[in-house]
Peer 1: 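Here it is, the structure in full.
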Amino acid sequence: MTDQLDGSGTPVHHIVIAPNQSLSALALVGLYCGGVVLLLLIATVLAWLGFWPILVFAVMEWLGVGVCLWAMRRGGRYREIITVTANQVTVEKLNRSGLETVASFQRHWASVERQATGSWLPSRLVIKSHGTMCEVGRCLTEDERRSLTARLQQLIGPVNRTPDWT
């Protein structure tokens with residue numbers, strides 16, 4: 001989360017939400033290539049011993065693993081940017097190809113709510129105003145969602161009572 005000042009000297013709060021990806025792209029490629037080399041060594045030895053179908057299924061298996069890793073890495077580019085200014089709350093959702101959705105709320109009338117779903121389902125964090133609702137933080141853990149709720153409630157405040165930032 002970053003706090004910045006715009007040209008008029010009023011604070012602008014930016015909260016960037018992104019999925020946790022502990023492996024870099026280079027490390028992911030290294031892990032995949034290492035697994036392929038190890039698997040092909042074992043499958044080649046077994047094919048040499050006469051179990052040749054293992055080689056075919058091993059190649060198909062690692063092609064499937066590669067597609068899954070590619071999709072996981074591609075989905076990790078998702079971002080949500082919540083911008084809170086003195087008058088407005090803006091939520092921008094960015095996917096891998098660019099801007100997906102934008103929701104904008106008047107800060108004075110906006111409210112933040114964490115909705116409990118089921119006993120084993122994660123809660124939903126929504127910003128809503130005048131019948132419009134926008135869910136944020138789908139990629140967060142429950143503890144992170146709780147702390148984000150507290151921070152947004154601190155920045156936005158309850159409906160019809162805008163907190164002072166000074």
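Values below: all heavy atoms of this structure, side chains included; hydrogens, waters and symmetry mates excluded. All residue numbers in this chain count up from 1 along the given sequence.
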Peer 1: Going from CG on L63 to SG on C68, what distance comes out if it is rounded to the nearest 0.5 angstrom?
Peer 2: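 Going from the CG atom of L63 to the SG atom of C68 covers 11.0 Å.
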Peer 1: Work out which heavy atom in E92 is nearest to a heavy atom in V102; give both atom names and the distance.
Peer 2: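 Residues E92 and V102, closest heavy atoms: CG-CG2, 4.1 Å.
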Peer 1: Listed by chain and number, what are the side chain to side chain contact (heavy atoms under 4.5 Å, CB included) partners of C139, not counting sequence neighbours?
Peer 2: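 Here the qualifying residues are I17, P19.
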Peer 1: Which pairs count as salt bridge (charged side-chain N to carboxylate O under 4.0 Å, His left out) when at least one residue sits in residues 120-133, sequence neighbours excluded?
Peer 2: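 Every salt bridge (charged side-chain N to carboxylate O under 4.0 Å, His left out) pair that includes a residue of residues 120-133, provided the two are not neighbours, is E113-K128, R124-E135.
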Peer 1: Any link between L28 and L39 through a network of hydrophobic side chains (Ile, Leu, Val, Met, Phe, Trp, Tyr) touching at under 4.5 Å?
Peer 2: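 Yes, L28 and L39 fall within the same hydrophobic cluster.
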Peer 1: Would you name the heavy atoms of V112 and Q153 that are closest together and state the gap between them?
Peer 2: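 Looks like O-NE2, 3.4 Å.
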Peer 1: Give a yes or no on whether L55 and V36 share a hydrophobic cluster (residues Ile, Leu, Val, Met, Phe, Trp, Tyr; joining criterion: side-chain heavy atoms under 4.5 Å apart).
Peer 2: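 Yes, same cluster.
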Peer 1: Report the residues that fulfil side-chain hydrogen bond (donor to acceptor under 3.5 Å, both in side chains) with R145, sequence neighbours left out, ordered by chain and then residue number.
Peer 2: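 Counting only residues at least two positions away or on another chain, R145 forms a side-chain hydrogen bond (donor to acceptor under 3.5 Å, both in side chains) with E142.
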Peer 1: State which residues pass side chain to side chain contact (heavy atoms under 4.5 Å, CB included) with D143; sequence neighbours excluded, sorted by chain then number.
Peer 2: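 Here the qualifying residues are T141, R146.
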Peer 1: Only pairs at least two apart or in different chains count here, so list each ring pair (Phe, Tyr, Trp, His ring centres under 6.0 Å) that has a residue in residues 138-158.
Peer 2: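 Applying ring pair (Phe, Tyr, Trp, His ring centres under 6.0 Å) to every pair that reaches into residues 138-158, excluding sequence neighbours, yields nothing.
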Peer 1: Side chains of M133 and Q115: closer than 4.5 Å at any heavy-atom pair?
Peer 2: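 They are in contact (side-chain heavy atoms under 4.5 Å apart), so the answer is yes.
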Peer 1: Evaluate the side-chain proximity of F105 to H130: yes if any heavy-atom separation is below 4.5 Å, no if none is.
Peer 2: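 The answer is no, as the side chains (C-beta and beyond) never meet within the 4.5 Å cut-off.
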Peer 1: Mind checking what makes side-chain hydrogen bond (donor to acceptor under 3.5 Å, both in side chains) contact with T132, not counting sequence neighbours?
Peer 2: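 T132: no side-chain hydrogen bond (donor to acceptor under 3.5 Å, both in side chains) contacts found.
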Peer 1: Check whether L38 and I54 end up in the same hydrophobic cluster, where Ile, Leu, Val, Met, Phe, Trp and Tyr are linked by side-chain heavy atoms less than 4.5 Å apart.
Peer 2: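 Yes; I54 is reachable from L38 via cluster members.
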Peer 1: What pair of heavy atoms forms the shortest contact from R79 to V16, and how long is it?
Peer 2: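 Result for this residue pair: CD-CG1, 4.2 Å.
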Peer 1: Stepwise, does the side-chain contact (heavy atoms from CB on, under 4.5 Å) test hold for I15 with L152?
Peer 2: CA-CA 9 Å; I15 300 172; L152 286 174; 3.7 Å; yes
Peer 1: Not counting sequence neighbours, which residues clear side-chain hydrogen bond (donor to acceptor under 3.5 Å, both in side chains) with Y32? List them please.
Peer 2: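 Counting only residues at least two positions away or on another chain, Y32 forms no side-chain hydrogen bond (donor to acceptor under 3.5 Å, both in side chains).
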Peer 1: Could you work out, with side chain to side chain contact (heavy atoms under 4.5 Å, CB included) as the rule, every residue matching L31, not counting sequence neighbours?
Peer 2: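 Checked L31 against side chain to side chain contact (heavy atoms under 4.5 Å, CB included); matches are L23.
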Peer 1: Between atom CD1 of I82 and atom CZ of R151, what is the distance when rounded to the nearest 0.5 Å?
Peer 2: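 One gets 11.0 Å once the value is rounded to the nearest 0.5 Å.
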Peer 1: Check the hydrophobic clustering (I, L, V, M, F, W, Y; side-chain heavy atoms under 4.5 Å; chains of links allowed) and say if L40 and I42 are grouped together.
Peer 2: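 Different clusters.
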Peer 1: Are any non-hydrogen side-chain atoms of H14 and V12 less than 4.5 angstrom apart?
Peer 2: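 Of all side-chain heavy-atom pairs linking V12 with H14, at least one is under 4.5 Å.
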Peer 1: Could you pull out all residues at least two apart from T44 that satisfy side-chain hydrogen bond (donor to acceptor under 3.5 Å, both in side chains)?
Peer 2: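 side-chain hydrogen bond (donor to acceptor under 3.5 Å, both in side chains) list for T44, sorted by chain: empty.
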Peer 1: Could you see if V56 belongs to whatever hydrophobic cluster contains V59? Use Ile, Leu, Val, Met, Phe, Trp, Tyr and a side-chain cutoff under 4.5 Å.
Peer 2: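 No, no single cluster joins them.
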Peer 1: Grab the two heavy atoms, one from A116 and one from S123, that are nearest each other, plus how far apart they are.
Peer 2: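 That closest heavy-atom pairing would be CA-CB, 4.2 Å.
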Peer 1: Just by distance, do the side chain of R114 and the backbone of L148 share a donor-acceptor pair under 3.5 Å?
Peer 2: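 Judged by distance alone, no pair lies under 3.5 Å.
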Peer 1: Using side chain to side chain contact (heavy atoms under 4.5 Å, CB included) as the criterion, list what pairs up with S104, not counting sequence neighbours.
Peer 2: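 S104: side chain to side chain contact (heavy atoms under 4.5 Å, CB included) contacts with Q88, T90.
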Peer 1: Any side-chain heavy atom of R107 sitting closer than 4.5 Å to one from N87?
Peer 2: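 Answer no - side chains too far apart.
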Peer 1: Looking at E80 and G137, would you say the former's side chain and the latter's main chain have a donor-acceptor pair under 3.5 Å?
Peer 2: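 Yes; at least one donor-acceptor contact below 3.5 Å.
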Peer 1: Which pairs pass side-chain hydrogen bond (donor to acceptor under 3.5 Å, both in side chains) with one or both residues in residues 46-75, sequence neighbours excluded?
Peer 2: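 Found Q21-R73.
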